[in-house]
Amino acid sequence: MSDQIKYTLSESEMPTAWYNIAVHLPVPPPPLLNPLTKEPVTPEFLNALFPMGCILQAVSKDEYIDIPGEILDIYRQWRPSPLFRARKLEKFLDTPARIYYKYEGVSPVGSHKPNTAIAQAYYAKQEGVKKLTTETGAGQWGSALAMACSYFDLECQVFMVKVSYYQKPYRRSVMGVFGASVAPSPSELTEAGRRILAADPDTPGSLGMAISEAVEVALKEQDAMYSLGSVVDFVLLHQTVIGEEALLQLEKAGETGADIVIGCVGGGSNFAGLAFPFIRGRLTEGKDTQMIAVEPTACPTMTRGKYAFDYGDTAKMAPIAKMHTLGHSFVPPGIHAGGLRYHGMAPLVSMLAELGHIEARACHQTGVFKAAIDFARTEGIIVAPETAHAVKVTIDEALKAKEAGEEKVIIFNLSGHGLLDLSAYDNYLADQLADYEYPQEAINKALEELPEIPEMALAD
Ligand SMILES: *Cc1c(COP(=O)(O)O)cnc(C)c1O
């Protein structure tokens, strides 16, 4: 078929293992540190927060980790997700590039997030946990975890970044339908929240603050654990089903791989999910596939942050990780891509960028929304504001290929649809979105508060 648009896999072709990129790194990744002692964390310390099933995955020496049958049974509800060839967009751009997108918006809540939410709820349930707490920005992660908790009959408490709580009321509704309780963060429900509110009653909130609140509740309540929607190694691992499927689908499309792999980055999980199986080709076969991680200029973690040890949250309760960071006290402006407003970046993505395997780009939001509108008008899908960052760079690269007359194969991760983000589109169409460059002085100030790490902690 020459003009095929959708490349699908049958349920029996779905990959049955996650890809553990850590084993292919040229040097071991730096350890996570205990925020109090600044010593490398022990599994016991992490186990106060996360299920052992997830912690052990992060230290596994296996290249592939089998996905438990019960998780596969749930994945099959929407996986394998389709790979689309963006033929109408290609025509509109008049580019010789072949553009593909992996569509994760087919999950029940409309994003890639259930790939890890289901896994985390499964392991928590197995270990006798009764309740999961978490933070959410735009609400996609909270929706995914709320759904997963309802599948596994777990209680779910979500701290939602205050600005998004009011900007995105419908994601709040989604969480409510699944039975989760949702509070705007910072809240009066936790010590961390009360302390932040006392210092700054009008704060818009941040993911770092919401994480502090969720971690506090998980540590205080006996049967509760904490769930994280991005950043940590096991979340990235769970997302690799995306890239494993995409490799098989590109093969079905007659491609030998991709020239450029693109994803937006908040904490790095959807990007990693698509990119890691392609980076395997770089690490083990010397392939030169180009990897581009796209972030907003309003939260330029990779392009302007520092690669350093920093706390995962504002109140310094979560583990310290070596990552690209804008400082744990960073409070980003209330841009619409709420899922891209975390101060840090996944340690594995950060390390691979330092090693030269990933490049980062920052985009302004008006250009991003323009790209999303072009995409909607050609391909029909209204993408999430986060995803629109990947669309922007995909279009930029396709136009570059046109200029150079090159038949590049470009694939991007369409991490989620934007049907609950229409107010952002309304604002764009009404010319009410402004570009925003985070001021250097503010970044410098937040970076002054990075923790000091004793050399001892790092001696192996
Ligand atoms: C949460 C989210 C993101 C950002 O998070 P990552 O961990 O960087 O993937 C991007 N797109 C969508 C649709 C999201 O829900």
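Just so you know, ligand 1 is whichever comes first in the structure, and atom 1 is the first atom listed for that ligand. Residues take their numbers from the sequence shown, with the count starting at 1.
Evaluation of the side-chain hydrogen bond (donor to acceptor under 3.5 Å, both in side chains) test over residues 257-282, restricted to residues two or more places apart or in two chains, returns Tyr64-Arg280, His112-Ser269, Glu244-Arg280, Asn270-Asn413, Arg282-His357.
At a 3.5 angstrom cut-off on N or O pairs, Leu340 does not count as close to ligand 1.
Proximity of Thr8 to Glu13: side-chain heavy atoms (C-beta onward) are nowhere separated by under 4.5 Å.
Contacts between Val265 and ligand 1 below 4.0 angstrom, taking non-hydrogen atoms only, involve the backbone exclusively. At a heavy-atom cutoff of 4.0 Å, ligand 1 is contacted by no atom of Glu104, backbone or side chain.
Not a single ring-ring contact (aromatic ring centres under 6.0 Å, His included) links Tyr151 to another residue, sequence neighbours left out.
Taking a cut-off of under 4.0 Å to the non-hydrogen atoms of Ser415, the atoms of ligand 1 that pass are 10 (C), 11 (N), 12 (C), 13 (C). Listed by number with element, the atoms of ligand 1 under 4.0 angstrom from any heavy atom of Gly416 are 13 (C). The Glu386 neighbourhood of ligand 1 comprises atoms 10 (C), 11 (N), with distances under 4.0 Å to a heavy atom of that residue.
Nearest to atom 14 (C) of ligand 1 among the protein's heavy atoms is Lys113 NZ, 2.9 Å. The protein heavy atom nearest to atom 8 (O) of ligand 1 is Gly266 N, 2.6 Å. Nearest non-hydrogen protein atom to atom 7 (O) of ligand 1 is Ser230 OG, 2.5 Å. Of the protein's heavy atoms, Gly339 O, 3.4 Å lies nearest to atom 4 (C) of ligand 1.
Annotation: cation-pi geometry not satisfied between Arg85 and Tyr7 (NZ/CZ under 6.0 angstrom from ring centroid, within 45° of ring axis).
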**Request:** For side-chain hydrogen bond (donor to acceptor under 3.5 Å, both in side chains), just list the numbers for Glu213 and Ser187, CA-CA rounded to whole Å, side-chain angles, deciding distance to a tenth of an Å, and then say yes or no.
**Result:** CA-CA 8 Å; Glu213 294 203 90; Ser187 76; 2.7 Å; yes

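Phe152 and Tyr122 have perpendicular rings, their planes meeting at more than 60° on a 0 to 90° scale where under 30° would count as parallel. Between His238 and Phe234, the ring planes are tilted. Angles from 30° to 60° get that label. Using bins of under 30°, 30° to 60° and over 60° for the plane-to-plane angle, the ring pair Tyr103/Phe84 lands in the perpendicular bin.
Between Gln239 and ligand 1 there is no heavy-atom distance shorter than 4.0 Å.
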